[in-house]
Amino acid sequence: MKLSNLFMLCIIVILGVIAYSLGVRVHVDVKQKPSVTEHETTKPPKSVPSKPSGETTTPPADPNKPSIGTQKPPKEADPKVYQNNSFKSVVLYEKDGKIIVKGQARVFEGVFQYAVTSGNKTILEDHYQTEGAPAWGNFEISLDQSLVEKTGATFELFVYSAKDGSKVDVLTIPLK
């Protein structure tokens with residue numbers, strides 16, 4: 001087996017493993033011969049012609065106006081969504097006497113911390129493990145209502161800095 005064939009086989013196996021881990025189904029026929037020979041060359045892709053100077057394009061739609069049939073106006077009951085560089089699509093809602101915090105995190109090795117605070121007092125602090133970066137890992141944290149009885153209680157999502165141990169990418173969410 002030629003070294004170049006072995007290299008291509010290794011690449012195909014690696015791509016297959018990546019595709020499998022992402023849930024993508026791929027079929028590769030390794031017996032099929034390439035259709036281009038050493039003496040043939042491929043043509044560069046055709047460039048897309050630019051529009052003549054007389055043509056105009058329509059301006060983009062106003063982002064404050066919903067386009068007909070594509071967007072629904074927000075409802076009053078829609079939960080507020082919080083996000084920063086490490087956390088996105090974070091929402092809070094109540095279910096069966098508990099407060100549920102749900103969202104996605106993109107953090108080193110999938111580990112982040114969360115805390116419930118009231119003023120300068122930390123009521124609860126813990127950590128959560130999800131998928132590691134660069135993937136956005138889903139999380140769902142359940143809190144007892146009794147933890148947030150005090151007015152001014154907040155929920156924080158954050159990561160400890162590997163450099164100096166300080167809190168970084170802190171996402172603070174008011175609980176009351």
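Sequence positions, counted from 1, serve as the residue numbers for this chain.
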Undergrad: Step through the shown structure and confirm whether more than 12 heavy atoms of other residues, nucleotides or ligands are within 6.0 Å of NZ on K102.
TA: no
Undergrad: Under 4.5 Å between any side-chain heavy atoms of S86 and N84, yes or no?
TA: yes
Undergrad: Please report the interatomic distance NZ(K167) to CG(D169), rounded to the nearest 0.5 Å.
TA: 13.0 Å
Undergrad: Do Y82 and T172 have side-chain heavy atoms sitting under 4.5 Å apart?
TA: no
Undergrad: Are Q145 and E94 close enough that some pair of their side-chain heavy atoms sits under 4.5 Å apart?
TA: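 They are in contact (side-chain heavy atoms under 4.5 Å apart), so the answer is yes.
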Undergrad: Can you name the nearest heavy-atom pair linking T154 to P174, along with the distance?
TA: CG2-CA, 4.2 Å
Undergrad: Using links of under 4.5 Å between side-chain heavy atoms of ILVMFWY residues, direct or through other members, which residues join F158 in one cluster?
TA: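 Cluster partners of F158: Y160, V170.
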Undergrad: Applying side chain to side chain donor-acceptor pair (under 3.5 Å) to S166 and S161, what does each step give before you reach the verdict?
TA: CA-CA 5 Å; S166 64; S161 168; 4.5 Å; no
Undergrad: Ignoring hydrogens, what is the shortest heavy-atom contact between V90 and I173? Give both atom names and the distance.
TA: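 Residues V90 and I173, closest heavy atoms: CG1-CD1, 3.6 Å.
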Undergrad: Please output the side-chain donor-acceptor pairs of residues 136-144 that fall under 3.5 Å, not counting sequence neighbours, one pair per line with the distance.
TA:
residue, atom, partner, partner atom, Å
N138, OD1, Q104, NE2, 3.0
D144, OD1, K98, NZ, 2.6

Undergrad: Would I100 end up clustered with V116 when hydrophobic side chains under 4.5 Å apart are linked, directly or stepwise?
TA: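 Different clusters.
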Undergrad: What about I123 and F155, same hydrophobic cluster or not, with Ile/Leu/Val/Met/Phe/Trp/Tyr joined at side-chain heavy-atom distances under 4.5 Å?
TA: yes
Undergrad: Return the CD to CZ distance between Q129 and F112, rounded to the nearest 0.5 Å.
TA: 9.5 Å
Undergrad: Hydrophobic cluster membership, with links at side-chain heavy-atom distances under 4.5 Å among I/L/V/M/F/W/Y: are V81 and V101 in one?
TA: no
Undergrad: Check whether more than 12 heavy atoms from other residues, nucleotides or ligands sit under 6.0 Å from atom CG of D96, and answer yes or no.
TA: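 No, CG of D96 has 12 or fewer neighbouring heavy atoms, counting only those of other groups under 6.0 Å.
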Undergrad: Can you confirm whether V159 sits close enough to F108 that some side-chain heavy atom of one is under 4.5 Å from a side-chain heavy atom of the other?
TA: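 They are not in side-chain contact.
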Undergrad: In terms of hydrophobic clustering (I, L, V, M, F, W, Y; side-chain heavy atoms under 4.5 Å; direct or indirect links), are F87 and Y93 co-clustered?
TA: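 Each belongs to a different hydrophobic cluster.
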Undergrad: Looking at side-chain heavy atoms only, is the closest gap between Y128 and L157 below 4.5 Å?
TA: no
